Amino acid sequence: MNNKAKFNRYAEMLREWSGRMNLVAPSTLSDIETRHFADSAQLADVLPNNVHVIDLGSGAGFPGVVLAILGWNVTCIESIGKKVSFLTAIKDELKLENLEIYHGRVEDFIRHLPAFSYDFIFTARAFAPLVKILDYVHPTNYRLFLLKGREIESEIATAKQKYDFDYKLIPSKTGDGFIIIIDKK
């Protein structure tokens with residue numbers, strides 16, 4: 001199955017499963033390709049190649065599953081069982097051997113990572129405020145590639161009260177949000 005077929009099947013399954021559970025806002029189901037797939041896929045322009053990506057709070061798989069379809073090795077972290085069932089069904093249906101799914105909380109997953117001994121690439125979309133994400137990843141050598149909304153400046157100001165970090169903002173190609181990239185100092 002080529003990537004186009006995988007994305008088509010992903011969209012079909014997202015519509016099917018969304019009728020049974022709240023995976024994404026119903027108003028976005030008519031524009032899955034732009035609102036979810038293209039929005040997530042824009043990370044491919046800034047992510048390093050040949051890295052393992054850890055997607056925080058994956059929900060319906062954005063951006064983690066999209067990045068797995070595009071070739072990255074990805075671990076999706078999701079605590080809600082119904083969403084884990086959806087992610088598992090997507091993984092099996094699309095035969096994504098480069099996708100791992102962790103059923104549990106982000107803080108539990110990160111607690112078991114080797115602190116400061118490896119570099120970790122984390123992604124997230126519609127997961128948590130920036131300061132909360134920094135709270136989670138702080139014990140690691142991290143690089144963050146986050147899809148954030150138009151309120152990012154406020155989130156940065158709040159996070160700067162607790163953490164010292166440099167960042168790069170890239171305007172979104174699909175809306176009025178941003179990609180924020182943060183490397184641990």
Side-chain angles (χ1 to χ4, degrees), residues 6 9-11 13-29 32 35-37 39-41 43 47 51-70 72-116 118-149 151-152 155 158-159 162-163 177 179-182 184:
K6 287 179 182 179
R9 184 63 185 130
Y10 189 6
M13 290 179 71
L14 185 61
R15 286 185 186 99
E16 290 167 15
W17 284 64
S18 288
R20 298 189 303 251
M21 64 179 74
N22 183 24
L23 289 172
V24 296
S27 62
T28 66
L29 289 172
I32 292 170
R35 182 69 181 93
H36 299 295
F37 295 164
D39 190 51
S40 296
L43 286 177
L47 276 172
V51 295
H52 189 104
V53 173
I54 302 169
D55 187 37
L56 307 173
S58 296
F62 305 117
V65 171
V66 172
L67 294 171
I69 292 170
L70 295 175
W72 272 267
N73 292 312
V74 177
T75 298
C76 285
I77 304 172
E78 179 53 53
S79 65
I80 298 172
K82 291 186 225 177
K83 293 178 181 180
V84 170
S85 295
F86 174 74
L87 293 170
T88 302
I90 288 292
K91 174 185 173 151
D92 294 345
E93 178 75 16
L94 303 183
K95 297 179 178 28
L96 294 173
E97 294 181 18
N98 58 330
L99 178 64
E100 297 174 31
I101 300 160
Y102 175 82
H103 182 188
R105 300 188 57 79
V106 167
E107 56 269 33
D108 295 332
F109 180 88
I110 290 176
R111 189 176 307 122
H112 292 98
L113 292 175
F116 301 116
Y118 296 95
D119 292 330
F120 296 98
I121 305 289
F122 295 100
T123 60
R125 176 175 180 256
F127 170 59
L130 179 58
V131 69
K132 188 70 173 167
I133 292 171
L134 289 168
D135 288 343
Y136 287 137
V137 303
H138 184 69
T140 69
N141 286 330
Y142 61 81
R143 293 187 74 196
L144 295 175
F145 294 82
L146 309 175
L147 294 158
K148 298 299 272 174
E151 301 297 323
I152 187 60
E155 288 191 42
T158 299
K162 187 171 184 180
Y163 295 102
I179 296 171
I180 183 169
I181 301 171
I182 301 173
K184 185 168 190 173

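Computed over heavy atoms, backbone and side chain alike; hydrogens, waters and symmetry mates excluded. All values derive from a computational prediction rather than experimental measurement.
Of the inter-residue distances, the one linking L130 atom CG with K162 atom NZ reads 11.5 Å to the nearest 0.5 angstrom. In this structure, E78 CD and T88 OG1 are separated by 10.5 Å, a value rounded to the nearest 0.5 Å. Here the NE2-CG distance, from H52 to N98, works out to 9.5 Å after rounding to the nearest 0.5 Å. With values rounded to the nearest 0.5 angstrom, I181 atom CD1 is found 10.0 Å from I121 atom CD1. C76 contributes atom SG, which lies 10.5 Å from atom CZ of F86 (distance to the nearest 0.5 angstrom). Note that CH2 of W17 is 11.0 Å distant from NZ of K82, once rounded to the nearest 0.5 Å.
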Test side chain to side chain contact (heavy atoms under 4.5 Å, CB included) applied to S18 and V24, step by step: CA-CA 7 Å; S18 288; V24 296; 4.1 Å; yes
Side chain to side chain contact (heavy atoms under 4.5 Å, CB included) between R15 and I32, worked out: CA-CA 9 Å; R15 286 185 186 99; I32 292 170; 3.7 Å; yes
Working for side chain to side chain contact (heavy atoms under 4.5 Å, CB included), residues L134 and L144: CA-CA 9 Å; L134 289 168; L144 295 175; 3.7 Å; yes
Step-by-step side chain to side chain contact (heavy atoms under 4.5 Å, CB included) determination, L113 to I110: CA-CA 5 Å; L113 292 175; I110 290 176; 4.2 Å; yes
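Across all non-hydrogen atoms, the minimal contact from A128 to E155 is O-OE1, 4.3 Å. Taking all atoms of both residues into account, the shortest heavy-atom contact from L56 to A124 is O-CB, 3.9 Å. The heavy-atom pair separating V106 from G57 by the smallest distance is CG2-N, 3.9 Å. Heavy-atom minimum distance, G104 versus I77: O-CG2, 3.6 Å. Nearest heavy-atom pair across D135 and P139 is O-CD, 4.1 Å. Listed here is the closest heavy atom pair of V65 and L96: CG1-CD1, 4.1 Å.
Remark: E107 engages R105 in a side chain to side chain donor-acceptor pair (under 3.5 Å) (not counting sequence neighbours). Remark: F145 engages no residue in a ring pair (Phe, Tyr, Trp, His ring centres under 6.0 Å) (not counting sequence neighbours).
The ring of F122 has its center no closer than 6.0 angstrom to the ring center of Y136.
Two residues are said to be in side-chain contact when any heavy atoms from C-beta on lie closer than 4.5 Å; Y102 and D108 meet this criterion. Residues T75 and F109 have side chains in contact (heavy-atom distance under 4.5 Å, counting atoms from C-beta outward). Side chains of S58 and L87 form a contact here, defined as non-hydrogen atoms less than 4.5 Å apart. At a threshold of 4.5 Å between non-hydrogen side-chain atoms, the residues I179 and L147 count as touching. In this structure, L67 and S40 have side chains that are not in contact, with every pair of non-hydrogen atoms separated by 4.5 Å or more.
With hydrogens and angles disregarded, a donor-acceptor distance shorter than 3.5 Å links the side chain of H103 to the backbone of S79. Without hydrogens or angle criteria, K83 side chain to L23 main chain gives no donor-acceptor distance under 3.5 Å.
Between F62 and Y10, the ring planes are parallel. Angles under 30° get that label, and only those over 60° would be called perpendicular.
Listed by first then second residue, pairs satisfying salt bridge (Lys or Arg N to Asp or Glu O under 4.0 Å) with a partner in residues 85-97 read R9-E93, not counting sequence neighbours.
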